[in-house]
Amino acid sequence: MSKDYLDQLEDEAIYILRETAAQFERPVLLFSGGKDSIVLIYLALKAFRPGRFPFPLMHVDTGHNFPEAIAFRDYLVDQVGEKLIVASVEDAMQKYNLKETPGRFPSRNALQTYALLDAIEKNEFDACIGGARRDEEKARAKERIFSVRDDFGQWDPKLQRPELWNILNGKIHKGQNVRVFPISNWTELDVWNYIKKHNIELPNLYFSHERECIEFNDKLVATSAFIQPKEGEKVIKAQVRYRTVGDMTCTAAVPSTSSTLDEIIEDIIYTKISERGQTRLDDQVSEAAMEDRKKQGYF
Amino acid sequence: MNTLKFITSGNVDDGKSTLIGRLLYDSDSIHTDQLGVLKKQTKVEGVDIDLSLITDGLRAEREQGITIDVAYKYFSTKKRKFIIADAPGHEQYTRNMITGASTVDLIILLIDARTGITTQTKRHSNIASLMGIKNAIVAVNKIDLVNYSEDRYNEIINEFQSLLPNLNFTTINYLPISAFIGDNVVSKSDKTPWYQGPPILELLENAEINEPIDQPLRFQVQYVIRPKEDTLHDYRGFAGRILSGTISVNDAVIVGPQKISTTVIKIEQNRVEVNTATVGDNVILHIADDVDLSRGDHFSKVEDVQPLETKEVNAMISWFDDNPILLNKTYLVQHQHKTVRAKIAEIGRKWDINNWTFEETTDIKLNDIAQIKLRLNNALFIDNFEENASNGKAILIDENTYNTVGALLFKNEN
Ligand SMILES: Nc1nc2c(ncn2[C@@H]2O[C@H](COP(=O)(O)OP(=O)(O)O)[C@@H](O)[C@H]2O)c(=O)[nH]1
């Protein structure tokens with residue numbers, strides 16, 4: 001009997017999580033509060049229960065998060081009863097005198113790297129498990145499951161190790177660490193179908209709700225402590241949801257009345273705009289933006 | 001339906017990127033904002049969007065104008081999810097092709113209708129066969145450029161069939177396509193009425209990939225689960241993924257290097273207890289006796305053919321490193337979850353992958369494929385790759401750089 005593709009993806013991810021636990025001394029699971037990392041936690045439960053997770057969870061907190069996302073993070077951590085470390089981008093900004101991108105929709109995306117690398121060094125993490133997927137972006141299409149980084153967190157596309165079959169080589173030298181991507185082979189739609197199949201709980205940001213927004217470059221941005229309407233700018237009450245949960249300052253909402261998983265899945269099948277393009281205000285600057293950021297140690 | 005993983009191969013300019021681009025484009029897997037970027041990049045006169053740019057990844061590669069790594073692409077139709085391993089075809093990138101080939105179930109061999117079978121076609125077919133790929137689609141591309149000639153098509157197919165005695169494919173489909181125009185890609189072309197079969201997408205949707213089920217159980221402990229909580233004091237589970245065969249509660253098994261006999265008393269899978277588990281499943285096994293097992297220790301069933309226990313391994317190696325292999329240097333062999341130290345005891349003959357012949361050699365360099373003999377510091381429990389691929393392979397790691405420097409396919413005399 002051949003397996004359903006979602007079972008195959010799950011098998012692969014559990015395998016990778018166990019391989020990470022076995023090959024590294026101090027792994028950590030990067031938890032963003034978004035759907036991909038929520039799925040990772042669900043997979044880790046399958047991989048390690050009835051044992052504890054052989055790693056803590058770590059949230060790189062930009063200080064610009066949606067309150068709903070933080071509340072859900074704490075709720076979930078409490079439910080699974082595992083340890084959470086919070087690495088603060090604001091601390092890193094103070095320490096290194098860093099500035100977020102200027103303008104009305106400041107992004108601290110690139111600054112996450114500093115907080116992450118500091119936390120890696122302080123906790124001596126040798127493997128960081130993340131929820132990145134190869135379908136997200138061109139530069140990720142060649143990413144390895146075990147991706148070796150130097151102590152600057154840098155990724156050299158030319159020096160990646162070949163990955164044969166499912167044999168993962170996690171041997172590293174001191175100072176190096178590995179980024180691990182258990183859901184590399186999932187697409188956005190796979191993630192949603194999996195969430196539906198297993199009835200995985202998500203923050204309500206993902207479902208349609210009413211929110212006060214301003215319109216900017218055809219995109220809806222929620223007003224908040226960080227984003228205030230300008231003089232004369234119209235604030236509209238819109239029925240929206242989020243496709244990715246990033247910072248309040250630079251994540252756009254999408255107009256949507258989809259309030260169930262089925263409706264969201266249908267939405268995705270019919271929207272032809274990829275996740276990043278639709279929701280990130282900061283990613284379209286240059287087509288090679290992601291590649292540049294990865295070279296600098298971004299996830 | 002299960003996923004189909006495939007690789008496309010061909011000479012440079014045979015139309016590999018165009019074919020992948022078309023499959024992604026016609027299956028609506030390319031999003032509009034990505035399309036916008038692609039349109040901007042398209043520099044071909046009179047062409048709206050250059051489909052071949054879709055698979056072309058990193059900037060460094062774009063600058064050089066060639067693909068130098070394996071990129072993975074995803075698309076799905078109503079019927080199936082597909083993963084494409086896009087690897088370059090040049091001889092100097094044999095390692096990339098081997099890497100790509102190691103993860104797939106099917107190969108599309110693209111042949112330019114004008115040039116026909118080339119050395120590269122032979123090489124790619126040979127590599128696919130070596131790596132155990134059982135399904136092939138031979139696509140004669142650019143059929144539009146030979147006026148959709150049936151004669152030319154048949155000529156090429158006949159020549160390909162003369163190569164078959166050396167190859168180990170079990171299913172081969174042949175068809176004429178034009179990746180550029182779209183003939184026989186997603187839908188059947190009316191310009192090739194002499195071709196009766198389905199378009200390539202349909203062949204992919206219906207390709208049957210079956211894990212061999214009649215194989216002996218092969219299992220290695222991947223990770224030992226031993227909770228520290230008092231309530232779970234006696235819990236000790238051996239987690240791992242079944243490499244081949246099946247296992248059931250009450251099976252008599254032989255475990256670990258000491259080959260201790262015991263019985264499986266409990267199997268957990270996805271947090272529930274199950275009675276039987278099969279190849280590909282992630283399980284946690286519990287045994288009747290208190291045996292101290294660790295990562296890499298194997299399980300086999302008493303009733304099955306046992307794996308070969310050996311400290312001397314013959315293998316085909318595909319060499320990936322810029323530096324040549326060194327006799328007597330210590331390397332690491334990672335056989336799934338078990339890692340042992342190894343010395344290269346002998347270099348055998350080199351395989352001329354273009355012609356399927358062997359020649360004497362004294363060294364093994366980047367992209368070479370050759371026979372070697374390894375001496376190990378600890379025994380491995382292995383099978384020959386051709387008999388049981390999942391337990392018959394390993395990677396070679398440089399003990400100094402920790403780079404993966406070779407792929408090993410075991411081939412021992414029984
Ligand atoms: N006429 C015609 N041109 C094709 C066909 N397939 C590819 N090409 C062209 O051949 C050239 C090389 O194709 P490309 O996909 O880049 O080849 P690759 O190097 O194998 O990836 C491009 O100019 C394509 O437009 C085809 O079926 N018919």
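Proteins get letters first, then strands, A, B, ... in listed order; numbering begins at 1 in each. Quick caveat: nothing in here was measured; it's all calculated off a predicted structure.
Of all the listed residues (A/Arg52, A/Gln176, A/Lys46, A/Arg49), the one sharing the greatest number of non-hydrogen pairs under 4.5 Å with chain B is A/Lys46. Per-residue counts of heavy-atom pairs under 4.5 Å with chain B were compared for A/Gln8, A/Glu12, A/Glu10, A/Gln23; the largest is that of A/Gln8. For chain B, the option among A/Ser184, A/Gly51, A/Pro162 with the highest count of heavy-atom pairs below 4.5 Å is A/Pro162. Each of B/Ile98, B/Asn270, B/Leu232, B/Leu332 has some count of heavy-atom pairs under 4.5 Å with chain A, and the biggest count is that of B/Asn270. The most heavy-atom pairs under 4.5 Å with chain A, out of B/Thr339, B/Asn282, B/Ile225, B/Thr103, come from B/Asn282.
For a residue to count as touching a neighbouring chain, one of its non-hydrogen atoms must lie under 4.5 Å from one of that chain's; by this rule B/Ile83 touches chain A with the side chain only. For chain A, the nearby part of B/Glu229 is the side chain; its heavy atoms alone come within less than 4.5 Å. Interface remark: A/Asp7 contributes no atoms to any contact with chain B (heavy atom separation under 4.5 Å). Contacts of B/Leu243 with chain A are absent, with no heavy-atom separation under 4.5 Å from either backbone or side chain. Contact of B/Thr278 with chain A is not made at all, since no heavy-atom distance falls under 4.5 Å. B/Lys393 touches chain A through backbone and side chain together, each having a heavy atom under 4.5 Å away. Only the backbone of B/Asn400 has a heavy atom closer than 4.5 Å to any heavy atom of chain A. Heavy atoms closer than 4.5 Å to chain A are found in the side chain of B/Arg241, but not in its backbone. The part of A/Ile172 that comes within reach of chain B is its backbone (N, CA, C, O), which places non-hydrogen atoms under 4.5 angstrom from that chain. Looking at B/Val283, the atoms closer than 4.5 Å to chain A (heavy atoms on both sides) all sit in the backbone: N, CA, C or O. Of the two parts of B/Tyr72, the backbone and the side chain both hold a non-hydrogen atom closer than 4.5 Å to a non-hydrogen atom of chain A.
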Step-by-step salt bridge (charged side-chain N to carboxylate O under 4.0 Å, His left out) determination, A/Glu19 to B/Arg295: CA-CA 10 Å; A/Glu19 203 57 16; B/Arg295 176 172 161 86; 2.6 Å; yes
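Side-chain atoms of A/Glu163 and B/Thr404, non-hydrogen and from C-beta on, never get closer than 4.5 Å to each other. The closest side-chain heavy-atom distance from A/Tyr15 to B/Gln222 is below 4.5 Å. At least one side-chain heavy atom of A/Asp135 sits under 4.5 Å from a side-chain heavy atom of B/Tyr74.
Note: B/Lys81 NZ to A/Asn193 CG = 10.0 Å, rounded to the nearest 0.5 Å. With rounding to the nearest 0.5 angstrom, the CD1 atom of B/Ile395 is 8.0 Å from the CG atom of A/Leu168. Atom OH of A/Tyr5 is separated from atom CG of B/Leu4 by 15.0 Å, given to the nearest 0.5 angstrom.
Within the 3.5 Å criterion, the main-chain N or O of A/Leu164 finds no donor-acceptor partner in the side chain of B/Ser102.
Within a 6.0 Å sphere centred on CZ of A/Arg26, other residues, nucleotides and ligands contribute more than 12 heavy atoms. In the displayed structure, A/Lys83 atom NZ is contacted under 6.0 Å by at most 12 heavy atoms of other residues, nucleotides or ligands. Around NZ of B/Lys266, the count of heavy atoms belonging to other residues, nucleotides or ligands within 6.0 Å exceeds 12. For A/Gln79, the CD atom sits in a packed shell: over 12 heavy atoms of surrounding residues, nucleotides or ligands are nearer than 6.0 Å.
Checked by atom type, the side-chain pair B/Tyr402/A/Asn169 shows no donor-acceptor distance below 3.5 Å.
For the pair A/Arg18 and B/Tyr223, the NZ or CZ position fails the cation-pi test of under 6.0 Å to the six-membered ring centre and within 45 degrees of the ring normal.
Pairing each heavy atom of A/Asn166 with each of B/Gln336, the nearest pair is OD1-NE2, 2.9 Å. Nearest approach of A/Trp165 to B/Ala394, heavy atoms of both residues: CZ3-O, 3.6 Å.
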